[in-house]
Each structure stands twice: as C-alpha cells, then as structure tokens.
Amino acid sequence: MRRTGMEKNTFYVTTPIYYPSNKLHIGNAYCTTAADAIARFKRLTGYDVMFLTGTDEHGQKIERIAREKGMEPIDYVDGIVASIKDLWKLMDISYDDFIRTTEPRHMQAVQKIFKRLYDQGDIYKSEYEGWYCSPCESFWLERQLVDGKCPDCGRPVERVKEESYFLRLSKYQDRLIEYINTHPDFIQPVSRRNEMLNNFLLPGLEDLAVSRTSFSWGIPVEFDPGHVVYVWLDALTNYITALGYLGEDDSKFKKYWPADVHLVGKEIVRFHTIIWPIVLMALGLPLPKQVYGHGWLILDGGEKMSKSKGNVIDPVVLVERYGLDAIRYFLLREMPLGSDGVFTNEILIKRINTDLANDLGNLVSRTVAMMEKYFDGSIPSVGPVTELDKDLQHLCMGTPQKVEELMDQWQLSAALGEIWKLVARCNKYIDETAPWALAKDEQQRERLATVMVHLVESIRTIGILISPFMTKTPAKIFQQIGIEEGHMTAWDTVRQFGVIPAGTKVKKGEALFPRLDMAKELEALDGITPGQAHIKGASQKKKEAARKQEAQRPEEPKKDGKITIDDFAKVEMKVANVLACEAVEGSEKLLKFTLKVGEEQRTVVSGIKKWYPEPEKLVGRQLILVANLKPAKLKGILSEGMLLSAEDASGNVRLLTVESPVEDGAGVS
C-alpha cells in the first residue's frame with residue numbers, strides 16, 4: 001500500500017501457519033527465513049512492515065496424536081508451539097505477530113465468518129462421502145487419487161461419510177479464473193499458475209466440505225454444535241483474523257490488508273489460490289496481491305523431507321554447530337525461491353568455506369589487518385583516485401539498486417549473488433592494487449591510502465546489504481571497521497562513498513567464518529541420526545562403498561618402502577593461482593600464500609622465504625598444491641595444504657609450476 005506525506009509505505013508478508021504435529025524441520029525454517037529476509041529488507045528500505053507467522057492447531061490428526069499420547073489436544077500443541085517459537089528465536093525471525101488458531105481472537109472471528117457465509121447462502125448443509133487424507137487434512141475425488149492414495153503425500157486415504165456444511169466453490173469458479181487471467185502476478189511462479197488453472201479450475205470445482213462431525217478438536221459451529229469448522233476455512237482466515245478482522249479493533253486490517261505476498265510451500269498453493277480467494281470474494285474483500293509458491297529443500301536423490309518419514313534435518317543442530325548466519329546464508333543462497341533445492345552436508349560445508357570463509361571473511365580480515373599494519377589502525381584520508389578505484393566505486397554504488405530490484409521479485413538467491421559479485425570484486429581489487437607492494441614505497445603512500453579507503457567503504461556497503469539475510473555478521477563487520485550501527489549503516493548511505501570519517505580506528509576481531517575441515521565435518525555429521533540433522537548424500541554413500549571395497553582387498557606386502565598406485569591416488573593435487581604472498585611476521589623462514597583453487601581460496605604457509613626474498617613477485621604464478629593434506633597451524637596461521645617444490649644439488653629450492661596456464665583448481669595427475 002503506497003501512502004503520501006510522512007507516512008511510510010506499508011508491506012504485509014505472511015508465512016503459512018505451521019501444523020504442530022511434530023517439531024519443524026529445515027524446510028519449514030527455509031520458508032520462514034525467506035519471509036524474514038523479505039520483511040527485514042523492506043524495513044531497511046523504509047517500509048512499515050507487518051510480518052505474520054503462526055500455527056494451525058486444529059484437526060483430526062492432532063486429536064488422534066494427542067489421544068495416543070494420553071494428552072488433551074491443547075496440552076500437546078502447547079508443547080510443540082513452544083518449540084516452534086524457540087526455533088524462530090534461534091533463527092532470529094523478526095515476526096510482528098504469531099497467530100495461533102486456538103486463540104479466542106481467531107476462533108471468534110472464524111465463527112462470525114462462517115455465520116456470515118451461511119446467512120448469505122455461500123455455505124449450505126449436506127452430506128459428504130468421499131476419500132479423506134488425515135495427514136494432509138484433505139478431501140479427494142476418486143479421479144484425483146494416484147494409485148488409490150493421496151496425490152499430495154502418497155499415503156493411504158480413508159473413506160468418509162458424514163453430514164457436513166459446504167462452501168460453494170463452484171459459484172465463484174468463473175470469477176476466479178477471470179481474476180487469475182487478468183492479474184498475471186497473482187500466482188507465482190508462472191508454473192504454479194498454470195497448474196492451478198489446468199489441473200483444478202478449468203476441469204471444474206466441486207463444492208468444499210467446511211465442517212466435520214467425526215471429531216471435536218476444532219472451532220464449534222455456533223448455530224450447530226455437533227459440527228466443527230473444517231481446517232481450511234479455519235486456517236486460511238488467520239491472515240485477516242490476526243489483523244483484527246471482525247474484532248473489536250480492526251485498525252491493522254484497514255492498514256495492512258490486502259497482503260503483499262503470502263509465501264507458501266508449493267504443496268499448499270492450491271488452497272491459497274483457490275479456496276482462500278473464493279472465501280475472500282464471498283466476504284467482499286480484496287484478494288492478496290500475490291501468492292508465491294516456493295519449492296522444497298529435498299535430499300540428495302530427490303526425496304522430500306517428511307516429519308512422518310523421519311528423514312528430516314533439524315535446523316537447531318546445524319545452527320548450534322555452524323552458527324546462525326552460516327545456515328541462514330546457505331538456505332537463502334543455495335535455493336532460488338521458486339525452485340527445489342538439494343541439501344547435502346557436502347554442499348553446506350562447501351558453501352560455508354567458499355562464500356563465507358574464503359570470500360567474505362577473508363576480505364574483512366585482510367583489509368583490517370592491512371589497515372592496522374600500514375596505518376596503525378587509523379583510516380586515512382583518501383588520495384588521488386584512478387580508473388581502477390572508480391570501477392570499484394561504480395560497482396559498489398550500483399549494487400544496491402540491483403539488489404532492490406531482485407528483492408522486489410523475491411529473488412533472494414540472485415540478490416545475494418549480486419552482493420557476492422561485489423565481495424569478489426573487492427578481493428580482486430586487493431590483488432590488482434597489491435597494498436603490500438605499495439607499502440614498501442613511501443612515494444606510494446597516498447595511493448595506498450586510496451586503496452585502503454575504497455576497501456573499507458566497500459565493506460561498509462556489503463555489511464548493510466547482507467543485513468536482511470545474515471543478522472549477526474553485519475554488527476561484527478561494523479565493529480571491525482570502527483563504526484556503529486546508525487547513520488553510517490542506514491540504507492540511504494549505500495549509494496554514497498566516503499561516509500566513514502578519516503581517523504576512524506579499525507580493530508581486527510575473530511575470523512567471521514573459520515574455514516571448516518570437510519572430511520572432519522562429514523565424519524562428525526555422519527554420527528548424527530537422520531531424525532536430528534543428516535541424511536547421507538550420494539557422494540558420501542560412494543565413499544562408504546569405496547571403503548568397504550578397499551577393506552575386502554587382500555593386503556599387499558610392502559617392498560622396499562614403495563607405494564602402490566592406490567596409495568598415490570590418495571594424494572589430491574591441484575593447480576593453485578597465487579593471489580597474494582607475504583612474509584609471516586616474526587619468522588625468518590615462512591611465507592604466507594593466499595591461493596585461488598577453483599572456486600575457493602586457501603591460505604598456505606611455506607618455509608621458503610630464504611629463496612623468495614620478494615614474495616610479492618609470486619602473485620599470478622600457478623603452483624602445484626597438495627590439497628588434501630591435513631591443515632596445520634604455523635605461527636598461529638592455519639595452513640591448508642602444501643606447495644610442491646624441488647631442491648637442486650646446491651640446496652636451492654624452487655616452487656613447481658605448470659608449463660602453460662591452465663584453469664585454477666585443475667587436477668594434477
């Protein structure tokens with residue numbers, strides 16, 4: 001809703017309300033984290049935001065589970081809801097309201113909605129006989145079943161016959177088809193819109209049962225106490241009952257409705273784009289501006305996570321092991337909103353190492369360390385500016401606009417991709433300008449100052465841009481570059497350069513994202529049961545199969561200290577490009593290399609300083625790296641591999657290089 005004058009534009013975003021049959025998994029966390037990033041971005045850019053989430057607590061399935069446990073349904077759901085709120089606190093979800101369908105404010109409004117629709121003839125009483133899926137709380141026609149089972153979850157259905165009230169979906173079918181055709185953005189992505197039209201609306205809608213008599217755990221129909229309101233009329237209306245619709249105070253409803261976007265999983269798009277719009281049409285209310293059906297986070301091999309199957313990944317375990325922002329970043333970067341994403345431990349660890357440890361973490365730590373070394377930790381005044389500097393400025397000030405355009409389309413992964421282009425450009429700028437070389441020439445002092453100011457200003461912008469996605473890291477970045485959250489971290493400064501005053505003191509802190517040992521992490525996660533955090537990916541299964549095969553081989557006798565081809569195959573060698581090389585302070589022997597190995601960066605410490613007194617001249621060389629050597633600390637620096645070298649008869653050491661340029665990260669055999 002656009003407003004004029006001093007009032008902010010409003011923005012209303014919702015998640016589905018989650019069914020508390022058990023603890024939530026990482027797929028649920030994905031949806032809510034995506035909605036949170038959208039809400040945070042809108043707040044950052046000046047909107048008055050309403051962000052709603054909650055729980056859908058009624059229904060036959062909940063009643064059955066509670067009875068099996070010897071509990072009352074409300075006592076059972078209270079415990080699950082508490083765990084859900086704890087999860088959202090852990091994930092730093094900034095919701096403005098949490099609606100429970102067992103709350104009086106919701107129940108009373110639902111009863112009024114049911115009565116209004118009944119009084120105007122849009123709800124009528126009849127008898128239902130058909131197929132019912134209890135886990136999905138869904139009725140199905142015979143032709144909709146797949147191999148006699150629920151088309152959504154694939155589980156058995158049961159034959160149900162009972163008296164019920166029905167909502168006249170068929171009455172509004174043509175009106176809804178026309179609305180969808182004239183509002184192409186209403187259902188997104190486009191594939192979901194086509195599915196709703198071709199699979200449900202165009203073949204014809206059947207009227208929907210909206211009450212049940214075979215169980216009692218639900219909102220009673222006031223004028224017919226034997227009936228309780230069926231789940232979808234109960235659950236879907238939360239989006240307006242939370243705003244006070246038909247309540248004593250409907251000011252929020254008047255302010256925020258219609259919703260800008262309902263973010264939902266693709267499996268419930270049908271209910272949100274057919275049943276919900278028809279309910280709103282019958283009530284004479286505007287429809288939400290958009291329903292966006294996101295994909296699933298699936299396991300390697302294409303299997304969807306399911307609480308009932310027990311193959312879920314617990315986000316709590318991952319956050320506790322890798323930190324909140326690493327998991328938020330992984331979820332939002334790895335999975336474009338409208339598509340399915342694949343989860344394996346290998347993908348998670350590689351994303352953390354490559355994007356967070358090597359790219360972002362390395363950029364911040366290198367910049368702050370150089371500022372401390374060359375300017376005693378005090379940001380200098382900028383000197384003359386070159387075309388190279390202007391190029392970085394242009395990208396830095398142009399990135400916010402690209403991010404905003406993508407966020408307006410809910411393309412969170414692509415928005416992060418644009419931010420990481422800036423991160424990569426900054427790292428390349430360091431390699432191009434070589435501050436360590438400038439620092440050796442007093443006549444280049446002003447040039448060095450310009451380079452360092454451009455880096456720290458770019459990092460300030462990056463910190464602002466990532467704040468909706470990663471909620472803890474920006475404050476750590478700002479602290480290291482010497483600024484506090486406030487004016488210098490506000491959105492209206494992202495298109496400005498030179499905001500941080502000269503003289504501001506930087507202070508190097510702990511590594512934002514320590515690099516992970518892939519083998520160690522995979523081994524640790526293999527010890528966690530599927531119900532907690534991990535389903536073994538295909539590549540891990542291959543490793544296990546290889547281990548078993550190796551164990552079955554007869555042991556070969558060792559002769560003269562020689563190794564077999566299998567022993568040699570265990571050594572992983574790759575081509576590495578030298579991005580930076582400098583002497584290690586306090587050491588007479590060691591050089592510190594920053595290497596580009598394919599998509600990742602690594603730090604390697606080598607004791608060859610004696611033979612390379614001008615290490616900066618090694619920048620741009622392609623060397624041979626033993627990539628799977630166990631990391632070791634040398635002078636407090638974690639060395640992640642070993643560079644191959646040769647020693648001649650006189651004892652001179654020379655690094656091994658490739659004969660002609662090849663792709664960084666290429667294997668050596």
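One is the number of the first residue; the rest follow in order along the sequence.
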Asker: Would you please name every residue forming a side-chain hydrogen bond (donor to acceptor under 3.5 Å, both in side chains) with D517, sequence neighbours left out?
Answerer: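 Per chain and number, D517 pairs via side-chain hydrogen bond (donor to acceptor under 3.5 Å, both in side chains) with no residue.
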Asker: Under the rule for side-chain hydrogen bond (donor to acceptor under 3.5 Å, both in side chains), what residues qualify as partners of R460, not counting sequence neighbours?
Answerer: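 For R460 the side-chain hydrogen bond (donor to acceptor under 3.5 Å, both in side chains) partners, ignoring immediate neighbours, are E457, T493.
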Asker: Once side-chain hydrogen bond (donor to acceptor under 3.5 Å, both in side chains) is applied, do any residues pair with Q188, and if so which ones, sequence neighbours excluded?
Answerer: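 Counting only residues at least two positions away or on another chain, Q188 forms no side-chain hydrogen bond (donor to acceptor under 3.5 Å, both in side chains).
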Asker: Counting N and O atoms only, with roles assigned by atom type, does the side chain of D389 sit under 3.5 Å from a partner on the main chain of T386, one being a donor and the other an acceptor?
Answerer: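 Present.
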Asker: With a 4.5 Å cut-off on side-chain heavy atoms, are S94 and R40 touching?
Answerer: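 They are in contact (side-chain heavy atoms under 4.5 Å apart), so the answer is yes.
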Asker: Take Y256 and D48, measure what side chain to side chain contact (heavy atoms under 4.5 Å, CB included) needs, and give me the verdict at the end.
Answerer: CA-CA 9 Å; Y256 293 109; D48 176 354; 2.7 Å; yes
Asker: Look at the side chain of S458 and the backbone N and O of C426, then say whether any donor-acceptor pair between them is shorter than 3.5 Å.
Answerer: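 No; judged by distance alone, with no hydrogens or angles, the pair does not exist.
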Asker: Exactly one of D250, D249, D97 should register a salt bridge (charged side-chain N to carboxylate O under 4.0 Å, His left out) with R105. Which one does?
Answerer: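 Exactly one pass, corresponding to D97.
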Asker: With side chains defined as the heavy atoms from C-beta onward, is the minimum distance between D314 and I26 less than 4.5 Å?
Answerer: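 Of all side-chain heavy-atom pairs linking I26 with D314, none is under 4.5 Å.
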Asker: L512 and L356: side chain to side chain contact (heavy atoms under 4.5 Å, CB included), yes or no, with the steps?
Answerer: CA-CA 8 Å; L512 296 177; L356 301 182; over 6 Å; no
Asker: Is the shortest heavy-atom distance from the side chain of M335 to the side chain of S413 under 4.5 Å?
Answerer: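 The answer is no; the side chains never approach within 4.5 Å.
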Asker: Answer whether the closest heavy-atom distance between the side chains of L595 and Q601 falls below 4.5 Å.
Answerer: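 No, too far: nothing below the 4.5 Å cut-off.
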Asker: When you check the gap from the basic side-chain N to the acidic O, do K507 and E372 get nearer than 4.0 Å?
Answerer: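 No salt bridge links K507 with E372.
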Asker: So, the side chain of T45 versus the backbone of K42: is there a donor-acceptor pair under 3.5 Å, distance only?
Answerer: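 Between the backbone of K42 and the side chain of T45 there is a qualifying donor-acceptor contact (under 3.5 Å).
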Asker: Quick one: which residue pairs count as a ring-ring contact (aromatic ring centres under 6.0 Å, His included) with a foot in residues 416-437, not counting sequence neighbours?
Answerer: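 Every ring-ring contact (aromatic ring centres under 6.0 Å, His included) pair that includes a residue of residues 416-437, provided the two are not neighbours, is Y329-W420.
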Asker: Considering only heavy atoms from C-beta outward, does the side chain of L465 approach that of P400 to under 4.5 Å?
Answerer: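 When only atoms from C-beta onward are counted, P400 and L465 do touch, with a gap below 4.5 Å.
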Asker: Between the side chain of R192 and the main-chain N/O of G338, is any donor-acceptor distance below 3.5 Å?
Answerer: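 A pair under 3.5 Å: yes.
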Asker: Is E600 paired with R602 through a side-chain N to carboxylate O contact shorter than 4.0 Å?
Answerer: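 Between E600 and R602 there is a salt bridge, with a charged N closer than 4.0 Å to a carboxylate O.
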Asker: Which heavy atom of M470 sits nearest to which heavy atom of P474, and what is that distance?
Answerer: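 Taking M470 first and P474 second, the nearest heavy atoms are O-CD, 2.9 Å.
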Asker: Hey, are K252 and D96 close enough for a salt bridge, meaning a charged N less than 4.0 Å from a carboxylate O?
Answerer: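 So K252 does not pair with D96 through a salt bridge.
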Asker: Taking side chain as C-beta onward, heavy atoms only, is H106 less than 4.5 Å from E57?
Answerer: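 The answer is no; the side chains never approach within 4.5 Å.
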Asker: Hey, is CG on D492 packed in by over 12 heavy atoms from elsewhere, all under 6.0 Å?
Answerer: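 Correct, the count exceeds 12.
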Asker: Considering only heavy atoms from C-beta outward, does the side chain of I466 approach that of I419 to under 4.5 Å?
Answerer: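 Counting from C-beta outward, I466 and I419 do come under 4.5 Å.
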Asker: Using 0.5 Å steps for rounding, measure from the CG atom of L392 to the CG atom of L422.
Answerer: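 Those atoms lie 6.5 Å apart.
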Asker: Does one side chain, of H272 or Y292, offer a donor that lies under 3.5 Å from an acceptor on the other?
Answerer: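 Looking only at side-chain atoms, Y292 and H272 do not form any donor-acceptor pair under 3.5 Å.
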Asker: Can you give me the closest heavy-atom contact between P468 and L44, atom names plus distance?
Answerer: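 Heavy atoms only, the tightest pair is CG-CD2, 4.0 Å.
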Asker: Name all residues meeting the ring-ring contact (aromatic ring centres under 6.0 Å, His included) criterion together with Y18; count only those two or more places apart in sequence or in a different chain, and write none if there are none.
Answerer: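 Partners of Y18 by the ring-ring contact (aromatic ring centres under 6.0 Å, His included) criterion, ordered by chain and then number, come out as W88.
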Asker: D36 and T33: side-chain donor and acceptor closer than 3.5 Å?
Answerer: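 Distance-only check fails for D36 and T33.
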Asker: Holding to ring-ring contact (aromatic ring centres under 6.0 Å, His included), I want the full list of residues that pass it with Y322, two or more places apart in sequence or in another chain.
Answerer: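 Expected list: none.
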Asker: Exactly one of F330, W296, Y30 should register a ring pair (Phe, Tyr, Trp, His ring centres under 6.0 Å) with F343. Which one does?
Answerer: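 Of the listed residues F330, W296, Y30, the ring pair (Phe, Tyr, Trp, His ring centres under 6.0 Å) partner of F343 is F330.
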Asker: Does S83 use its side chain to pair, donor to acceptor, with the backbone of I80 at less than 3.5 Å?
Answerer: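 Judged by distance alone, yes, a pair lies under 3.5 Å.
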Asker: Is there a donor-acceptor contact under 3.5 Å from the side chain of Q290 to the main chain of D185?
Answerer: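 Between the backbone of D185 and the side chain of Q290 there is a qualifying donor-acceptor contact (under 3.5 Å).
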Asker: Stepwise, does the side-chain hydrogen bond (donor to acceptor under 3.5 Å, both in side chains) test hold for D325 with T473?
Answerer: CA-CA 7 Å; D325 279 1; T473 303; 2.6 Å; yes
Asker: Within 45° of the six-membered ring axis of F186 and under 6.0 Å from that ring's centre, is NZ or CZ of K289 located there?
Answerer: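 Negative - K289 is either too far from the ring of F186 or too far off its axis.
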Asker: Got a sec, which pairs hit side chain to side chain donor-acceptor pair (under 3.5 Å) with one end in residues 392-401, sequence neighbours left out?
Answerer: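 Counting only pairs at least two positions apart or across chains, the side chain to side chain donor-acceptor pair (under 3.5 Å) contacts touching residues 392-401 are Q393-H454, Q401-E405, Q401-R495.
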Asker: Closest approach of M407 and A415, non-hydrogen atoms and distance?
Answerer: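 Distance-wise, the nearest heavy atoms are SD-CB, 3.9 Å.
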Asker: Would you say S378's side chain and F375's backbone share a donor-acceptor pair under 3.5 angstrom?
Answerer: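 Checking the backbone N and O of F375 against the side chain of S378, no donor-acceptor pair under 3.5 Å is found.
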Asker: Donor-acceptor pair, N577 side chain versus K596 backbone, under 3.5 Å?
Answerer: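 Judged by distance alone, no pair lies under 3.5 Å.
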Asker: Name all residues meeting the ring-ring contact (aromatic ring centres under 6.0 Å, His included) criterion together with Y12; count only those two or more places apart in sequence or in a different chain, and write none if there are none.
Answerer: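 Checked Y12 against ring-ring contact (aromatic ring centres under 6.0 Å, His included); zero matches.
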Asker: Identify the heavy atoms of P16 and G265 that sit nearest to each other, and give their distance.
Answerer: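 Minimum heavy-atom separation between P16 and G265: CG-N, 4.4 Å.
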Asker: Is R351 salt-bridged to E346, going by a charged N under 4.0 Å from an acidic O?
Answerer: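 No salt bridge links R351 with E346.
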Asker: What closest approach, in Å, do D355 and R333 show between heavy atoms, and which atom pair accounts for it?
Answerer: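 Closest pair (atom of D355, atom of R333, distance): OD2-NH1, 3.1 Å.
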Asker: Are the side chains of V317 and L525 in touch, meaning some heavy atoms are under 4.5 Å apart?
Answerer: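 With C-beta onward as the side chain, the pair stays apart.
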Asker: Check whether F11 forms a cation-pi arrangement with R43 (NZ or CZ under 6.0 Å from the six-membered ring centre, at most 45° off the ring normal).
Answerer: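 That pair does not qualify as a cation-pi contact.
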Asker: Could you tell me whether a side-chain N or O of S365 sits under 3.5 Å from a main-chain N or O of G361, the two making a donor and an acceptor?
Answerer: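 Answer holds: yes.
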Asker: Output yes when R366 and D431 qualify as a salt bridge under the 4.0 Å nitrogen-oxygen rule, no when they do not.
Answerer: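 Salt bridge: yes.
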Asker: Tell me the salt bridge (charged side-chain N to carboxylate O under 4.0 Å, His left out) pairs involving residues 462-484, sequence neighbours left out?
Answerer: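 Salt bridge (charged side-chain N to carboxylate O under 4.0 Å, His left out) check on residues 462-484 returns D92-K472.
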Asker: Under a 4.0 Å threshold between the charged nitrogen and the carboxylate oxygen, would K421 count as salt-bridged to D359?
Answerer: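 Salt bridge: no.
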Asker: Between W257 and P286, is there a donor-acceptor pair closer than 3.5 Å when you use the side chain of the first and the backbone of the second?
Answerer: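 Yes; at least one donor-acceptor contact below 3.5 Å.
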Asker: Using salt bridge (Lys or Arg N to Asp or Glu O under 4.0 Å) as the criterion, list what pairs up with K390, not counting sequence neighbours.
Answerer: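 Per chain and number, K390 pairs via salt bridge (Lys or Arg N to Asp or Glu O under 4.0 Å) with E387.
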Asker: Should we say atom CD of Q479 is surrounded by more than 12 heavy atoms from elsewhere, each under 6.0 Å from it?
Answerer: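 Open.
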Asker: If every non-hydrogen atom of V269 is compared with every non-hydrogen atom of I187, which pair is closest and at what distance?
Answerer: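 Shortest heavy-atom contact: CG1-CG2, 4.4 Å.
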Asker: Not counting sequence neighbours, which residues clear ring-ring contact (aromatic ring centres under 6.0 Å, His included) with F41? List them please.
Answerer: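 In terms of ring-ring contact (aromatic ring centres under 6.0 Å, His included), with neighbours along the sequence ignored, F41 is linked to W491.
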Asker: With sequence neighbours left out, write down each residue that passes side chain to side chain contact (heavy atoms under 4.5 Å, CB included) with P435, or none if nothing qualifies.
Answerer: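 Counting only residues at least two positions away or on another chain, P435 forms a side chain to side chain contact (heavy atoms under 4.5 Å, CB included) with M370, Y374, I430, T433, L448, V451, M452.
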Asker: Is it the case that the side chains of H262 and W276 hold a donor-acceptor pair, with the cut-off being a distance below 3.5 Å and no angle test?
Answerer: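 Yes, a side-chain donor-acceptor pair sits under 3.5 Å.
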